Amino acid sequence: MSNIISITKKEFRSYFNSPIAYIFIITFLVITSWLFFRPFFVVDQASMRPFFSLLPWVFLFFIPSITMRLWAEEKKLGTIELLMTWPITDLEAVLGKFFASFAFLAITILLTFPIPITVSLLGNADIGPIIGGYVGTFFLGAAYLSIGLFISSLTENQIIAFILSTILIFLLFIIGEEFVLVTIPTRLAPIFSFLGLGYHFDNICRGVLDSRDLFYYLSVIIFFLFLNIRSLESRKWK
Amino acid sequence: MIEVKELTKRFGSTVAVDNISFEVNKGEILGFLGPNGAGKTTTMRILTCFFPPDSGKVNIEDLDLFENSLEIRKRVGYLPESSPLYQDMMVIDYLDFVGRIRKIPSNNLKKKIDDMIQICGLEGVVYKDIGKLSKGYRQRVGLAQTLIHDPDILILDEPTQGLDPNQIIEIRELIKKIGKEKTVILSSHILPEVSATCGRIVIINKGKIVGSGTPEEMISKAEGADIIFARVRGPKDLVESKLKEIKGLDKIQDISPQPDGTNLFKIKAQPKIDISEDIFFVVAQNGWSLSELTKEKATLEDVFKQLTTGSEANE
């Protein structure tokens with residue numbers, strides 16, 4: 001347990017060792033606020049639903065850039081040789097890195113707080129769906145992170161990690177979307193839509209926090225963290 | 001104590017480590033010597049549990065590599081080749097991080113870090129980013145990382161790489177000092193380093209052990225142990241034939257005939273026989289003059305060359 005905390009701390013601090021983290025957070029806040037508020041006054045509804053439905057697409061680029069470094073850099077620098085020969089289990093290393101990236105993401109998401117405040121000041125906003133939306137966002141973000149983290153462990157090139165993560169997340173997101181579902185046999189449609197990252201987030205955007213959706217995200221997270229551990233072990237099969 | 005038995009590791013079709021066995025006792029420094037790509041690093045990576053061997057048995061402090069990997073890792077300090085470090089961390093933060101990973105109690109951690117800074121000579125760079133350090137300093141940070149938890153087993157992959165001559169001597173002395181109570185394996189392809197620090201040497205080539213013993217044993221095993229150069233003024237053929245009569249002389253060769261009548265002979269004696277005095281008497285009795293008589297001892301270089309190029313010729 002203390003190993004996980006040490007690694008989480010170290011990785012979390014290393015995000016802020018360079019100005020990139022700050023630039024990153026600011027860019028994220030500016031882009032999401034701009035995309036949200038531009039049509040906000042035209043539609044004239046005190047709802048955050050458009051904000052939440054925007055996030056999966058912003059995350060598509062934002063999250064792989066959080067995770068691309070985590071393993072690829074260890075491999076490039078060779079520090080993985082020390083990390084894996086210290087008395088740390090593979091699970092501890094994976095979880096430490098995952099929690100660090102999650103903490104960074106959580107801070108970024110929490111910094112969007114002026115948006116719900118503005119929305120509720122301007123109109124009669126329903127607080128329930130906003131809280132539900134934020135909870136869902138954490139789950140969706142964590143699922144993206146676990147995918148990005150796994151991909152990062154497959155390469156020592158951060159750019160490749162970024163691109164492959166974006167592609168994989170994109171594919172997993174759209175398989176549940178309408179325009180994909182119409183092209184496949186109707187019998188398979190429910191399976192595809194259940195597997196899609198997006199399908200579950202639609203419910204959350206609507207303000208419905210269903211335990212099945214959260215369970216789905218948890219399964220995705222555990223599945224990819226498990227793959228990550230296996231890919232570290234793969235050095236043992238060589 | 002490290003015991004390695006019949007260790008083999010393959011990467012695809014190449015055999016990186018081929019059925020090697022050796023032992024290192026407590027208080028002993030074992031030098032792992034071999035050309036690049038001989039299998040030194042692979043062996044060390046197996047011993048440090050970075051990856052497992054394909055076959056063979058490794059016991060470290062009576063713990064089995066497969067069953068007690070975590071326990072072994074706690075007792076081993078490992079300095080990988082070229083000392084990989086997190087570039088964006090400050091030296092002090094890095095040592096603090098490693099100290100925590102190594103489970104040094106937090107009330108003792110600060111003292112340990114200070115000790116390491118002092119022992120490894122890091123005083124001037126404590127608050128610098130590791131990425132901005134010179135290679136020598138990075139190597140020292142790596143060494144501090146290796147030693148911070150006072151491990152019983154030290155595995156050092158080319159520990160003096162990138163250091164300047166003064167630092168090399170410092171680090172050697174440090175390793176020798178620490179090595180008195182610990183089990184140390186260090187690898188190198190620099191021969192003087194190994195003969196200066198190590199009590200015992202294992203020479204490895206193409207994944208196989210091709211020789212082992214103390215540096216002195218290795219040298220005495222060397223083919224043509226002693227070579228004598230003698231510069232004699234006198235009739236060349238006669239001198240050569242007279243010298244040939246010396247008992248124990250193996251080979252004689254005139255390597256540089258001079259126009260003034262002196263000849264430089266390269267004389268090889270049979271193993272463990274000193275014939276330098278005999279040479280002097282033969283020359284003196286015949287009334288010639290001897291202007292130079294030097295003995296050249298075989299060095300570890302010769303042994304190394306013989307052992308590592310010999311097996312190539314066999315293939």
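In the text below, chain A, chain B and the rest are named by the order of the sequence lines, each starting its count at 1. Since this is a predicted model, take the numbers as computed values, not measurements.
No more than 12 heavy-atom neighbours from other residues, nucleotides or ligands sit within 6.0 angstrom of NZ on B/K128. Heavy-atom contacts from other residues, nucleotides or ligands closer than 6.0 Å to CZ of A/F40 number more than 12. With a 6.0 Å radius and a threshold of 12 heavy atoms from other residues, nucleotides or ligands, B/Q118 has its CD atom at or below the threshold. Residue-environment remark: CD1 (A/I20) stays at or below the threshold of 12 foreign heavy atoms within 6.0 Å. Counting non-hydrogen atoms of neighbouring residues, nucleotides and ligands closer than 6.0 angstrom, the CZ atom of A/F170 reaches no more than 12 such neighbours. Within 6.0 Å of CZ in A/F16 there are more than 12 heavy atoms belonging to other residues, nucleotides or ligands. Shown here is A/K9, whose NZ atom has no more than 12 heavy atoms of other residues, nucleotides or ligands within 6.0 Å. Within a 6.0 Å radius of CZ in B/F66, more than 12 heavy atoms belonging to other residues, nucleotides or ligands are found.
Options B/K74, B/R75, B/H149 differ in how many heavy-atom pairs under 4.5 Å they form with chain A, and the most are formed by B/K74. Interface remark: of the candidates A/L83, A/N17, A/T89, A/I7, A/N17 forms the most heavy-atom pairs closer than 4.5 Å to chain B.
Using a 4.5 Å heavy-atom cutoff, the side chains of B/Y78 and A/E81 are in contact.
Looking only at distances, no side-chain donor or acceptor of B/R73 sits under 3.5 Å from a matching main-chain atom of A/T85.
In this structure, the portions of A/S14 lying under 4.5 Å from any heavy atom of chain B include both its backbone and its side chain. When heavy atoms are compared at a cutoff of 4.5 Å, A/I5 does not approach chain B at all. Residue A/E92: no heavy atom, backbone or side chain, is found under 4.5 Å from chain B.
Residues of residues 86-114 of chain B lying within less than 4.5 angstrom of chain A, judged on heavy atoms, are B/Y86, B/Q87, B/D88, B/M89, B/D93, B/Y94, B/F97, B/V98, B/R100, B/I101, B/R102, B/K103 in numerical order.
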